[in-house]
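Counting starts at 1 for both ligands and their atoms, following the listed order. Values below: all heavy atoms of this structure, side chains included; hydrogens, waters and symmetry mates excluded.
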Amino acid sequence: MPDRKDRFYYLAKKDNFRSRAAFKLMEIDKRFHMLSIDDFVLEFGSSPGGWTQYVRSITSNPIVSIDLSPMEPIENVHFIRGDLMNPDFDSILRENLNRIGITNFTVVLSDAMVHTSGNRGRDHASSYLLDERIMNISMRYLRPGGNVILKQFYGDLTKTFLKKWEEQFRYSGMTTPEASRRGSSEIYIVFKGKIHDS
Ligand SMILES: C[S@@+](CC[C@H](N)C(=O)[O-])C[C@H]1O[C@@H](n2cnc3c(N)ncnc32)[C@H](O)[C@@H]1O
């Protein structure tokens, strides 16, 4: 069994982040300037909450976070436990947003991924399907000018995915943070400045 406790694991412990994943978001944000103090964030695949903690350190506005697994509370975070691939998820999200009183967001984030299988093709396809679903669900809530960060395992469909969605943004790109594990095909897709009001 390889030792998965690298430098980012110890940094996360030192900085009281719930997961080393927080450093990936931090790196992406530093590089692409994705988050600001005024943001309203919708986050998929949030548990255990490292990304959420990082977002909390930037803005005190409410955050809506979603995961299959439970998540320990964080101040002013509305956590929805659910499966975004569930056909009913759309209406579950809408009901929750109505209840909370939030109608739209300035940023959509996703670090969602089920356990990787080790099969690159399968992991790529699963992450592509999650990202398609996330974009289809969340674009109607993303304000013009809004930004998106999505995890994906790189593969054949990544370019198709970018081509499909990039025309709705002023900028699109891909990045692999230093905090991603070496040898992984994990990338993060970045869309900035939503053009249309869909
Ligand atoms: C890498 S972890 C996220 C780590 C998190 N960003 C952090 O900083 O602590 C991926 C998460 O995606 C969630 N996930 C995977 N598939 C999902 C789905 N269909 N619906 C909701 N959450 C999902 C998993 O339960 C898991 O908690």
Side-chain angles (χ1 to χ4, degrees), residues 4-30 32 34-35 39 41-59 63-75 77-97 105 107-119 122-138 141 147-154 175-190:
R4 297 180 69 79
K5 294 179 184 161
D6 61 7
R7 160 168 97 82
F8 292 102
Y9 169 89
Y10 293 106
L11 275 176
K13 270 197 137 11
K14 179 172 115 353
D15 290 350
N16 282 325
F17 280 121
R18 292 178 185 179
S19 66
R20 61 193 293 294
F23 293 100
K24 301 181 195 174
L25 180 60
M26 196 184 287
E27 273 184 72
I28 299 167
D29 186 30
K30 297 235 153 83
F32 294 93
M34 301 297 286
L35 289 158
D39 277 326
V41 175
L42 174 61
E43 182 195 18
F44 296 89
S46 59
S47 184
W51 280 35
T52 325
Q53 288 176 305
Y54 178 72
V55 174
R56 179 76 310 142
S57 73
I58 307 277
T59 171
I63 302 169
V64 176
S65 300
I66 295 143
D67 205 291
L68 286 170
S69 303
M71 186 166 99
E72 289 294 320
I74 295 176
E75 201 187 336
V77 173
H78 300 276
F79 178 69
I80 304 169
R81 190 170 176 191
D83 180 354
L84 70 99
M85 298 307 276
N86 176 340
D88 295 334
F89 182 76
D90 234 343
S91 47
I92 294 171
L93 179 61
R94 197 171 328 114
E95 279 160 27
N96 273 278
L97 295 182
F105 296 89
V107 176
V108 171
L109 301 177
S110 174
D111 196 26
M113 185 56 193
V114 275
H115 293 298
T116 47
S117 68
N119 175 319
R122 197 177 304 158
D123 292 342
H124 164 58
S126 313
S127 66
Y128 165 82
L129 289 173
L130 279 168
D131 288 349
E132 268 295 321
R133 176 86 172 131
I134 289 164
M135 290 302 279
N136 283 313
I137 292 173
S138 57
Y141 297 114
N147 298 335
V148 178
I149 302 173
L150 301 168
K151 188 206 321 259
Q152 193 168 116
F153 285 81
Y154 185 82
T175 185
T176 305
E178 204 200 323
S180 288
R181 292 185 194 283
R182 260 190 221 133
S184 162
S185 57
E186 173 182 280
I187 55 147
Y188 287 84
I189 292 172
V190 170

Side chains of S110 and E43, donor plus acceptor under 3.5 Å: no
Subset of ligand 1 atoms that lie under 4.0 Å from at least one heavy atom of V114: 15 (C), 16 (N)
Closest to atom 19 (N) of ligand 1 (judged by heavy-atom distance), picking from N86, L129, D83, I80: D83
Close approach of M113 to ligand 1, heavy atoms, under 4.0 angstrom: yes
Atoms in ligand 1 with a heavy atom of G49 nearer than 4.0 Å: 7 (C), 9 (O)
Nearest-option assignment for atom 4 (C) of ligand 1, heavy atoms, candidates S127, S19, S47, A22: S47
Atom 8 (O) of ligand 1 - nearest protein heavy atom and its distance: W51 N, 2.8 Å
Top protein contact for atom 6 (N) of ligand 1, by heavy-atom distance: D111 OD2, 2.8 Å
Pair E186 + K24: basic N to acidic O under 4.0 Å: yes
Shortest protein heavy-atom distance from atom 24 (C) of ligand 1, along with the residue and atom involved: D67 OD1, 3.4 Å
Atom 22 (N) of ligand 1: the protein heavy-atom neighbour that sits closest, reported with distance to 0.1 Å: L68 N, 3.2 Å
Which of the ligand 1 atoms, numbered from 1, are nearer than 4.0 Å to a heavy atom of A21: 7 (C), 8 (O)
Proximity winner for atom 21 (C) of ligand 1, if only heavy atoms of P48, G45, G82 are counted: G82
Ligand-residue contact atoms, ligand 1 with S46, heavy atoms, under 4.0 Å: 5 (C), 7 (C), 9 (O)
Interfacing atoms of ligand 1 (cut-off 4.0 Å, heavy-atom, G50): 7 (C), 8 (O), 9 (O)
Those atoms of ligand 1 less than 4.0 Å from some heavy atom in S69: 25 (O)
Ring centres under 6.0 angstrom apart (F17, F23): yes
Residues S117 and D123: side-chain donor-acceptor under 3.5 angstrom: yes
